[in-house]
Amino acid sequence: MATVKAYMNFCQRTHTVTVTQREDGDFDVHIESDCEFVVDYAELLKKITMEDLTDNRTSSITDPEKLQHIMGPCLAPNAVFNAGWLEAGMFAKSLARKAKQNVISFEDLDSKT
């Protein structure tokens, strides 16, 4: 089991994603959020495959039908990818513990370039 939290400071929402590998090799996805749109997304994304984790073109994580109410900057789908990669062993959990978090930083906002 791997759990990732996404903190969306712009909209003051938090998404907690837990991915658990099943005996058949697929993964169960559980998403908790205080955002109604991510809750809708969670209802549509209960299971993913290894292909969903490795092929962005066909991934159910980024399926437009599932993402119909999710805006581009939302980190919930990225949290699913990150939790899935951790659970699949494609990210080392020890490295994740050491790194603790990835950050998106808004830099140089007053620049005229």
Side-chain angles (χ1 to χ4, degrees):
M1 175 175 70
T3 300
V4 171
K5 279 196 173 192
Y7 301 98
M8 290 297 304
N9 294 330
F10 264 4
C11 55
Q12 299 180 356
R13 303 288 188 209
T14 302
H15 320 304
T16 304
V17 177
T18 301
V19 174
T20 307
Q21 190 162 24
R22 300 160 35 149
E23 287 185 23
D24 65 4
D26 288 344
F27 302 86
D28 290 319
V29 178
H30 178 74
I31 303 171
E32 292 181 17
S33 179
D34 54 356
C35 171
E36 64 188 90
F37 302 120
V38 174
V39 169
D40 291 344
Y41 173 67
E43 287 299 316
L44 299 172
L45 189 70
K46 298 286 190 183
K47 183 185 90 146
I48 56 175
T49 65
M50 184 62 78
E51 187 175 337
D52 290 324
L53 292 172
T54 58
D55 190 347
N56 287 341
R57 294 172 296 127
T58 61
S59 179
S60 66
I61 299 167
T62 55
D63 177 354
E65 289 295 315
K66 291 179 176 65
L67 291 172
Q68 61 184 323
H69 300 294
I70 303 286
M71 301 307 286
C74 181
L75 295 177
N78 288 322
V80 175
F81 277 112
N82 280 273
W85 275 52
L86 281 166
E87 182 64 2
M90 297 186 311
F91 279 153
K93 289 184 179 180
S94 60
L95 181 58
R97 276 188 218 95
K98 184 177 177 181
K100 187 66 177 155
Q101 64 183 353
N102 286 326
V103 176
I104 295 173
S105 177
F106 299 100
E107 305 282 329
D108 204 16
L109 297 176
D110 292 327
S111 176
K112 305 262 189 248
T113 59

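All values below were derived from every heavy atom in this structure, side-chain atoms included, with hydrogens, water molecules and symmetry-related copies excluded.
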Practice task
Could you tell me whether the side chain of L53 reaches within less than 4.5 Å of the side chain of M90, counting heavy atoms only?
Solution key: yes

Handout entry: Check: M8 and C35 side chains under 4.5 Å, non-hydrogen atoms
Key = no

Handout entry: T20 side, atom OG1; M1 side, atom CE - distance, nearest 0.5 Å
Key = 6.0 Å

Problem - Q21 side chain vs F27 backbone, donor-acceptor pair below 3.5 Å - result: no

Practice task
Test side chain to side chain donor-acceptor pair (under 3.5 Å) on T49 and E51 and set out the steps.
Solution key: CA-CA 5 Å; T49 65; E51 187 175 337; 5.4 Å; no

Exercise for the section: Say whether, by atom type as modelled, one donor and one acceptor occur between the side chain of D34 and the main chain of T14 under 3.5 angstrom. Expected result: yes

Handout entry: K5 atom NZ, over 12 foreign heavy atoms within 6.0 Å
Key = no

Handout entry: Non-hydrogen side-chain atoms of Q101 and V103 separated by less than 4.5 Å
Key = yes

Handout entry: Verdict with reasoning, I31 to V38, per side chain to side chain contact (heavy atoms under 4.5 Å, CB included)
Key = CA-CA 8 Å; I31 303 171; V38 174; 3.8 Å; yes

Handout entry: Polar side-chain atom of S105 near backbone of E107 as donor-acceptor pair, under 3.5 Å
Key = no

Exercise for the section: Please step through salt bridge (Lys or Arg N to Asp or Glu O under 4.0 Å) for the pair E87 and K93, ending with a clear verdict. Expected result: CA-CA 8 Å; E87 182 64 2; K93 289 184 179 180; 3.6 Å; yes

Practice task
Return yes when atom CG of D55 has more than 12 non-hydrogen atoms of other residues, nucleotides or ligands closer than 6.0 Å, and no otherwise.
Solution key: yes

Practice task
Please check if the side chain of Y41 supplies one atom and the backbone of I61 the other of a donor-acceptor pair under 3.5 Å.
Solution key: yes

Exercise for the section: Could you check whether the rings of F106 and F10 sit parallel, tilted or perpendicular, using 30° and 60° as the cut-offs? Expected result: parallel

Exercise for the section: Would you sort out whether C74 and H15 count as a side chain to side chain contact (heavy atoms under 4.5 Å, CB included), showing the intermediate values? Expected result: CA-CA 10 Å; C74 181; H15 320 304; 3.8 Å; yes

